[in-house]
Amino acid sequence: MKIEKTLCRVKFIGNLEPEYTKILIKQMSDYTTIVTQSGDGTIETQLPSKFSTPKHSSFCTNIVLLTTSSKQVFLKAVTKESRNRRLEMLHFIFLESQSFLLQIWQENPVKRLKFKTGLITNLAGLILTQRETPVGDSQQASIQRRLPPSYSNWNSIRNQYLSIGFLKLLPYILLDTDHKPIMGMTYDFIQTVSKIYNVSRVLDISLTKLGKSRNGSWEGVMGDLVTGKKDLLAGIGGIYSRFEALDFSCTGAFSTISFYVSHPKISVKWQAIVFPFDATVWIVIFIFFIAFILLFYIHLNLKRSNDREPADKMYLAVVIPFSALIVASPKFELVPQSFEDLSNRKEYTIYTTYIAGGSIEVFFNETEIDTFTKIRKRMINQKDLLKCLESAIFSTKTVCIGWPIVMDPIIANNLTIHSTFNPLRTTASVSSFPIILGLTKYSKHFDSVNSIVGWASDTGHFTKWRQLTLDNLKHTSSQWLKEKRNSKLYQGLEKLSQEFHHLATKPFGMENVVLCFTSAIVGSILASLAWFFEIIVSWNKFKFKN
């Protein structure tokens with residue numbers, strides 16, 4: 001017979017009194033699988049996880065604080081263990097006297113905890129004291145004879161039938177050529193959960209409206225969730241207006257709103273001759289110019305050759321050293337770096353990735369910030385997300401506003417010719433919002449789904465599934481584009497990749513040209529000596545002949 005166990009771990013902190021820890025472990029073994037490891041004054045237990053939970057994950061942890069003689073030490077331990085952790089995944093159990101527990105129950109570090117149980121140690125037997133409800137607003141303690149079960153209980157979805165909606169967006173779900181799902185950040189999550197808990201499910205994959213109609217009712221998959229036609233929406237932005245209609249799980253990932261712009265175009269002006277060097281270097285160059293002009297002029301006048309003599313010796317004496325410095329310094333186009341820059345650059349065309357009721361539409365419609373209201377008046381809605389990105393790449397002075405979590409996979413899938421080259425720049429982001437799973441209001445599956453999402457998020461599985469999807473898209477896109485080398489898209493991307501420069505151009509300083517000038521000085525001295533000896537030898541020969 002299969003015995004259901006809660007997938008949690010237990011951590012003991014404080015003075016280990018064998019009497020209490022032995023009883024507590026026995027009590028908790030009814031709800032958790034116990035594997036005890038002792039050492040350094042602590043006992044820590046953990047159940048191996050099918051999600052490969054790290055030892056120190058914050059997911060579903062029972063933290064037991066044992067007896068101590070100091071209230072400050074006790075509260076300090078509570079603060080340390082609850083800091084920067086998901087409180088809904090922690091259950092604190094305190095072993096102390098009744099008077100001690102009554103004192104600490106009203107302290108702020110303890111009041112903020114969502115789930116806590118006090119075990120009175122100064123009465124006959126083991127008597128448990130627990131808040132009336134697992135919510136922090138209860139002020140009274142009730143007496144029980146049995147340790148309450150752990151918070152995490154995933155049995156509500158085991159062997160159940162669920163209707164699940166998916167937004168047809170990367171990286172949530174990736175479809176093959178037959179429009180069947182193969183992978184994706186939220187699709188892999190649902191697949192894993194379905195396999196572990198034997199969940200039967202029907203998937204509805206679409207890119208429908210998410211907003212409200214004129215009569216106030218929700219449209220698309222949001223409407224299906226509100227009316228109970230669907231149980232779950234796997235992947236949606238957590239914006240304020242949606243919380244009134246649905247319940248949402250804890251965060252699986254985060255997204256922002258950014259805009260994409262092509263890399264700055266490069267041009268060369270005639271003034272580039274003055275760019276490469278700083279002032280000190282130019283002074284040294286000028287001194288050498290004067291010296292070299294004099295040397296070349298003397299050389300051209302004294303030169304004896306059967307060749308036809310140059311017509312203008314002074315011209316050549318000036319041009320020869322000057323030609324050595326014909327260099328070009330590229331000038332980069334100034335592209336918008338932020339939304340504030342974009343609002344002031346009226347020459348730019350602004351396309352916006354558009355999904356009815358999506359977070360971008362909601363943000364720009366509700367904001368009262370002057371920067372974004374200016375942009376809102378110039379926005380052109382583009383339902384085709386790929387066309388929005390292509391416009392930013394190939395059209396001059398054009399940007400595309402979108403979500404990096406969605407747009408980056410589209411770039412990877414359609415615009416990748418080299419894995420190291422991204423044809424677009426992403427600017428600073430605004431309006432960060434969580435990517436969560438939506439459920440029907442007051443759904444009986446809320447606790448189960450919320451716990452599992454928290455576990456997968458804490459262990460980095462959403463990040464892993466998203467990266468695997470991106471890697472797959474980049475490899476597929478690179479192979480696909482290479483087969484279409486004659487296409488306009490490939491040739492345009494190839495041209496951009498060849499023009500792209502990683503390093504900024506800046507003036508040379510003395511440290512960059514010390515070796516060059518040293519070589520020039522040494523060479524000039526040797527050349528002058530050779531020229532001097534050549535004149536003497538030639539003069540002696542001429543004198544000897546005469």
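Quick caveat, the model's predicted, so the values are computed rather than measured.
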Worksheet item: Of all residues at least two apart in sequence or in a different chain, which pass the ring-ring contact (aromatic ring centres under 6.0 Å, His included) check with Tyr354?
Response: none
Practice prompt. Nearest 0.5 Å please: distance from the CD1 atom of Ile239 over to the CD1 atom of Ile360.
Written response: 10.5 Å
Discussion item. Using 0.5 Å steps for rounding, measure from the CG atom of Leu233 to the CE atom of Met222.
Written reply: 8.0 Å
Response to the item:
Closest heavy-atom pair, Leu113 versus Ser82, reported as atoms and distance to 0.1 Å, is CD2-CB, 3.8 Å
Worksheet item: Judged by atom type as modelled, is there a donor-acceptor pair below 3.5 Å linking the side chain of Thr251 to the main-chain atoms of Ala253?
Response: no
Discussion item. Has Ser343 got a side-chain atom pairing as donor or acceptor with Glu340's backbone, closer than 3.5 angstrom?
Written reply: yes
Worksheet entry | Leu174 to Leu170 - nearest heavy-atom pair and separation | CD1-CD2, 3.7 Å
Item to complete: Rounded to the nearest 0.5 Å, what's the gap from CH2 on Trp465 to CE on Met185? Could you check?
Response: 10.0 Å
Fill in: From CA spacing to verdict: side chain to side chain contact (heavy atoms under 4.5 Å, CB included), Ile164, Val202
CA-CA 6 Å; Ile164 303 173; Val202 58; over 6 Å; no
Item to complete: Report yes if some heavy atom in the side chain of Asn414 is under 4.5 Å from a heavy atom in the side chain of Leu473; otherwise report no.
Response: no
Discussion item. Is there a side-chain contact between Leu342 and Tyr348 in this structure, where contact means two heavy atoms from C-beta onward sitting under 4.5 Å apart?
Written reply: yes
Practice prompt. Measure across Arg242 and Gly358 and return the closest heavy-atom pair with its distance rounded to 0.1 Å.
Written response: NH2-CA, 3.7 Å
Practice prompt. Before giving the answer on side chain to side chain contact (heavy atoms under 4.5 Å, CB included), spell out for Lys116 and Ile93 the whole-Å C-alpha distance, their side-chain angles and the decisive distance to 0.1 Å.
Written response: CA-CA 6 Å; Lys116 46 192 174 287; Ile93 303 170; over 6 Å; no
Discussion item. The criterion is side chain to side chain contact (heavy atoms under 4.5 Å, CB included); which residues satisfy it with Ala392, sequence neighbours excluded?
Written reply: Cys400, Leu424
Worksheet entry | Any Leu175 side-chain heavy atom under 4.5 Å of Ile182 side chain | no
Discussion item. Test your reading of the model: is there a side-chain donor-acceptor pair from Thr427 to the backbone of Phe259, 3.5 Å cut-off?
Written reply: yes
Worksheet item: Between CD1 of Ile405 and CG of Leu169, what distance do you get to the nearest 0.5 Å?
Response: 10.5 Å
Worksheet item: Taking C-beta and beyond as the side chain, do Thr352 and Gln382 meet within less than 4.5 Å on heavy atoms?
Response: no
Practice prompt. First locate atom CG of Leu389, then atom CE of Met407, and finally report the distance between them rounded to the nearest 0.5 Å.
Written response: 3.5 Å
Item to complete: For Glu107 and Pro109, indicate whether the former's side chain and the latter's backbone hold a donor-acceptor pair under 3.5 Å.
Response: no
Discussion item. Using ring centroids (six-membered ring only for Trp), state whether Tyr187 and Tyr172 fall under 6.0 Å.
Written reply: no
Worksheet entry | Pair listing, side chain to side chain donor-acceptor pair (under 3.5 Å) test, anchored in residues 403-413, at least two apart | Tyr260-Asp408, Ser359-Trp403
Worksheet item: Looking only at side chains, do Asp471 and Gln467 share a donor and an acceptor under 3.5 Å apart?
Response: yes
Worksheet entry | Enclosure of Lys168 NZ (heavy-atom neighbours >12, cutoff 6.0 Å) | no
Worksheet item: Is there a donor-acceptor pair under 3.5 Å between the side chain of Ser194 and the backbone N or O of Ile190?
Response: yes
Worksheet item: Which heavy atom of Ile401 sits nearest a heavy atom of Ile375, and at what distance?
Response: CD1-CG2, 4.0 Å
Practice prompt. Please list, chain by chain and in numerical order, all residues satisfying salt bridge (Lys or Arg N to Asp or Glu O under 4.0 Å) with Glu368, sequence neighbours excluded.
Written response: none
Response to the item:
Sequence neighbours excluded, the answer for side chain to side chain donor-acceptor pair (under 3.5 Å) partners of Asn198 is Asn159
Worksheet entry | Trace of the side chain to side chain contact (heavy atoms under 4.5 Å, CB included) decision for Thr353 with Val406 | CA-CA 10 Å; Thr353 52; Val406 173; over 6 Å; no
Worksheet item: Who pairs with Lys387 by salt bridge (Lys or Arg N to Asp or Glu O under 4.0 Å), at least two apart in sequence or on another chain?
Response: none
Could you give the side-chain donor-acceptor pairs of residues 433-442 under 3.5 Å, partners two or more places apart or in another chain?
residue, atom, partner, partner atom, Å
Thr440, OG1, Leu225, O, 3.1
Thr440, OG1, Lys230, O, 3.1
Lys441, NZ, Phe243, O, 3.0
Lys441, NZ, Leu246, O, 3.3
Lys441, NZ, Asp247, OD1, 3.4

Worksheet item: Is a side-chain N or O of Ser217 found less than 3.5 angstrom from the main chain of Ser213, in a donor-acceptor match?
Response: no
Worksheet, complete the sentence: What one should report as the nearest heavy-atom pair of Gln160 and His445 is CG-CE1, 4.2 Å
Worksheet item: What pairs with Glu81 under side chain to side chain donor-acceptor pair (under 3.5 Å), at least two apart in sequence or on another chain?
Response: Lys11, Arg85
Worksheet item: Applying salt bridge (charged side-chain N to carboxylate O under 4.0 Å, His left out), which residue pairs with at least one partner in residues 374-383 are found, sequence neighbours left out?
Response: Asp370-Lys374
Practice prompt. Say whether, by atom type as modelled, one donor and one acceptor occur between the side chain of His263 and the main chain of Asn422 under 3.5 angstrom.
Written response: yes
Worksheet item: Backbone N or O of Thr426 within a donor-acceptor pair of the Ser258 side chain at under 3.5 Å?
Response: no
Worksheet item: So Asp188 and Phe462, side chain to side chain contact (heavy atoms under 4.5 Å, CB included) or not? Walk me through it.
Response: CA-CA 9 Å; Asp188 286 338; Phe462 281 112; over 6 Å; no
Fill in: Sequence-distant partners of Glu244, side chain to side chain donor-acceptor pair (under 3.5 Å), two or more places apart
Lys212
Practice prompt. Output all residues satisfying side chain to side chain donor-acceptor pair (under 3.5 Å) with Asp341, sequence neighbours left out; order by chain, then residue number.
Written response: none
Worksheet item: Are Ser262 and Arg425 close enough that a side-chain donor and a side-chain acceptor fall under 3.5 Å?
Response: no
Discussion item. Any side-chain to backbone donor/acceptor pair from Asn450 onto Cys250? Under 3.5 Å, distance only.
Written reply: yes
Worksheet item: Within the distance-only criterion (no hydrogens, no angle test), does the side chain of Ser457 pair as donor or acceptor with the backbone N or O of Val453 below 3.5 angstrom?
Response: no
Worksheet item: Atom CD1 in Ile13, atom CG in Leu95: separation rounded to 0.5 Å?
Response: 12.5 Å
Worksheet item: Val221 versus Asp204: any side-chain heavy-atom pair under 4.5 Å?
Response: no
Worksheet entry | Residues that Phe74 engages under ring-ring contact (aromatic ring centres under 6.0 Å, His included), provided they are two or more places apart | Phe94, Phe100
Discussion item. If you compare all heavy atoms of Gly223 against all heavy atoms of Thr227, which two are closest, and at what distance to 0.1 Å?
Written reply: O-OG1, 2.8 Å
Item to complete: Return yes when atom CD of Gln191 has more than 12 non-hydrogen atoms of other residues, nucleotides or ligands closer than 6.0 Å, and no otherwise.
Response: yes
Worksheet item: Do the side chains of Val399 and Tyr351 get nearer than 4.5 Å, heavy atoms only?
Response: no
